[in-house]
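This report refers to the structure that appears directly beneath it.
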Number of protein chains: 2
Amino acid sequence: MAPAKSKSRSGHVQTPLPVPGDHLTMADLAKVAGVSAITVSRALRDSPLVNAETRARVRQVAEQYGYAFNVSARNLRLRRSMTVAVVVEMKPSLERQMSGPYPLELLGGITQELTSSGYSVLLTSLQGGALPNTQAADGVILLGQGAHEDAMHEVGRWGKPMVVWGAVSRHESQVVVGSDNRGGGALAAERFIALGRSRPAFLGDRAHGEFAERFDGFVASLSKYGIVPQAPVVSAFTVNAGAKAVHALLDQHPQVDALFAVSDLLAIGAIRALIERGRRVPEDVSVIGYDDTPLGATYVPPLSSVHQNFVDAGVLLARKVRALIEGEPAGSETLHTHLVVRAT
Amino acid sequence: MAPAKSKSRSGHVQTPLPVPGDHLTMADLAKVAGVSAITVSRALRDSPLVNAETRARVRQVAEQYGYAFNVSARNLRLRRSMTVAVVVEMKPSLERQMSGPYPLELLGGITQELTSSGYSVLLTSLQGGALPNTQAADGVILLGQGAHEDAMHEVGRWGKPMVVWGAVSRHESQVVVGSDNRGGGALAAERFIALGRSRPAFLGDRAHGEFAERFDGFVASLSKYGIVPQAPVVSAFTVNAGAKAVHALLDQHPQVDALFAVSDLLAIGAIRALIERGRRVPEDVSVIGYDDTPLGATYVPPLSSVHQNFVDAGVLLARKVRALIEGEPAGSETLHTHLVVRAT
DNA sequence: TTGAAAGCGCTAACAG
DNA sequence: CTGTTAGCGCTTTCAA
């Protein structure tokens, strides 16, 4: 009395043939298609080890029966998860505001590239410790505003392929993708020079790796013309912080004629302060922001800003983890940056 | 000659005991701790079916040997993925701008709630069709700006627990979480009434479900005072669209004295247009935006806006899919909304 | 080109 | 409280 396999919802012991809508396995499909399970597996993966005809038949059956591939089984067998964990700081705080579409575009690029190559994207934040699921990822991408040194070390300890978004120069031993911050700073400097400005200032917290690089590029380019910029203390990322810093700056250096801010938000705060102090923008003071946010673009006056393509950045991050996971080499890389000149 | 198991990196056939740093299984831990694999499994899951002492020993060994739990194996065995797919529109387009921290906060809330209850968050976009990985999720959360009817039906067809972020009233048969859009509209209306305004207008595309609700709430509250608002055509989400709409509105109805916009961006565009047309804000025209973005809060003048807590919304979405997955009931729900009164 | 056997690491079900 | 047995669904050998 060999008990017939009867998972089918139809439930007839005499009908081992599955029914569309059932929960199917490759073995079930195999039965229907008159082949073995391994052949189904091959057909579904486009293996060259299967006849084109057979493959077509199998796929057709799979389609018809609404077969759903079991990822867990494959992963268990392959000892891989085909998953990349993305660690993001999702709690916008006062000092560290996740403004604009920036992180979302980055996520978009990552997701697009990774999913189209068969990986899936696991979203995680830092709080709460590493989940088993996160630890099972084949690789990790670290986002956030660059201050995640601790996270970097923690994740680094897992010994997994890891790629970081941030300031490239800071972490020699890691694979880092970042925009060309020095180049961005240089762009702003050159623009100011072209406009004949000679008393520029830099607005941004240089404790932040990426901003330090922008500052360096800014300073280096200006120094070719014998100019040394002011660099007032800026405590935060917000419009108010920008305004406050500029008020303080004007108290000390009323002749400032150009401002380069590390974010559009800061730049907007700067413009506000300038206007409150009777300066005209751009007649008296030129202002350049960073990130080219829609916010800046549609501000009055429309803000000139350094543009970075975050979607591309996301794609690049994804490619690099993938390379690392697959044992190929990958190095740090810097993304091209350009200046969008608008009214300011 | 029974071949000794020798996965250990140490490689000695005589040393079946694993070594810290190896790739370990529960069976390996079991050997070290002098128990069986199932006991290890129970200990690690805090099952009551295991002695406290045994549990402690097992956990200690696991810790010491750097044991990594294999999620795939558990998922295969349990026939679950412990994963929730989040479908997001990550490509900010011109008409549908993902402005502000909105989607990221939502994601933050979702991630926080889901990961802390053992689920992981799988990020997916719509393009490229449903990946096997996505289809394997135990549940789905649909984000995006509400126009994802097609996605909703597609995902609905998978027959998985699904929760949607958007306009609650639109989809009776689905579990929808959304902010109290009608309430938000009413809040704006009441504020205008309190300010003695009598010729208000609504700014936003009513083809969008959530905006239609805001409009309804706005109209309903105003009607109690016998007031019918203007509702010019607004084509997009941007500052420019807001400005354009208001210019057109002023051409037709120069006496407008209050504007309620469905987004802060739109509201800012509106203020710009008002000023260009010589109107003072708020002396001549009151303006209220939506979403209470940092952008609006720090604008000059600081924008009054309807606030919604997106982190809470994310948490709620997460709780509801989880409930659905676990077979508990869950209904649609509306989130409290309040008006932040600033200068406008 | 196809198939049979084996096993990835875990846990539910049933003994003991 | 602990253990034995079995099997989740897939794919890498190896053989035909």
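The two residues A/V175 and A/M162 come nearest to each other via the heavy atoms CB-O, 4.0 Å. Taking both residues in full, the closest heavy atoms of B/T83 and B/Y119 are given as N-CD2, 3.9 Å, listed atom of the first, atom of the second, then distance. The shortest non-hydrogen separation linking A/T124 to A/A85 is OG1-CB, 4.2 Å.
A salt bridge links A/K320 to A/E333: at least one charged side-chain nitrogen sits closer than 4.0 Å to a carboxylate oxygen. Classification of B/R55 and B/D46 as a salt-bridged pair holds, one side-chain N sitting under 4.0 Å from a carboxylate O. Using a 4.0 Å cut-off between a side-chain N of Lys or Arg and a carboxylate O of Asp or Glu, B/E113 and B/R322 qualify as a salt bridge.
Checking D/dC10, C/dG3, C/dT11 against the side-chain heavy atoms of B/R74 singles out C/dT11 as nearest. Distances were taken from every side-chain heavy atom of A/L78 (C-beta onward) to each of C/dG9, D/dT12, D/dG3; the shortest belongs to D/dT12. For A/V50, counting side-chain heavy atoms from C-beta on, the closest listed nucleotide (C/dT11, C/dA4, C/dT2) is C/dT2. Set against C/dT11, C/dT2, C/dA4, the side chain of A/L49 has C/dT2 as its closest nucleotide. Comparing D/dC8, D/dT2, C/dG3 by their nearest atom to the side chain of B/T54 picks out D/dT2. Closest contact between the side chain of A/V35 and the listed nucleotides C/dG3, C/dT11, C/dG9 involves C/dG3.
Between A/S41 and D/dG9 there is no side-chain polar atom (N or O) within less than 4.0 angstrom of OP1 or OP2. Contact annotation: B/R45 side-chain N/O to C/dA12 OP1/OP2 distance is under 4.0 Å. Under 4.0 angstrom from either OP1 or OP2 of C/dC8 there lies no side-chain N or O belonging to B/H23. For C/dT11, the OP1/OP2 oxygens have no side-chain nitrogen or oxygen of B/R80 closer than 4.0 Å. The phosphate of C/dG3 (OP1 or OP2) has a side-chain N or O of A/T39 nearer than 4.0 angstrom. The shortest distance between the side-chain N/O atoms of B/S36 and the OP1/OP2 oxygens of D/dG3 is below 4.0 Å.
Counting to the nearest Å, the C1' atom of C/dT11 and the CG atom of B/N75 are 12 Å from each other. Residue A/K31 contributes atom NZ, which lies 12 Å from atom P of D/dG9 at whole-angstrom precision. Rounding to whole angstrom units, CD of residue A/Q135 and P of C/dG9 are separated by 16 Å. Between A/R79 atom CZ and D/dC10 atom P there is a gap of 19 Å when expressed in whole angstrom units. When rounded to the nearest whole Å, the span between CD1 of B/I38 and C1' of C/dG9 equals 12 Å. Between B/M82 atom CE and D/dC8 atom P there is a gap of 21 Å when expressed in whole angstrom units. One atom, CE of A/M26, and another, P of C/dG3, lie 14 Å apart when rounded to the nearest Å. If you take CG of A/L76 and P of C/dG7, they are 14 Å apart, rounded to a whole angstrom.
Residue order along DNA chain D, read from the 5' end via each residue's closest nucleotide, puts B/N51 first among B/R77 and B/N51. Position along DNA chain C of the nearest nucleotide to B/R42 versus B/Y67 favours B/Y67 as the more 5'-ward residue.
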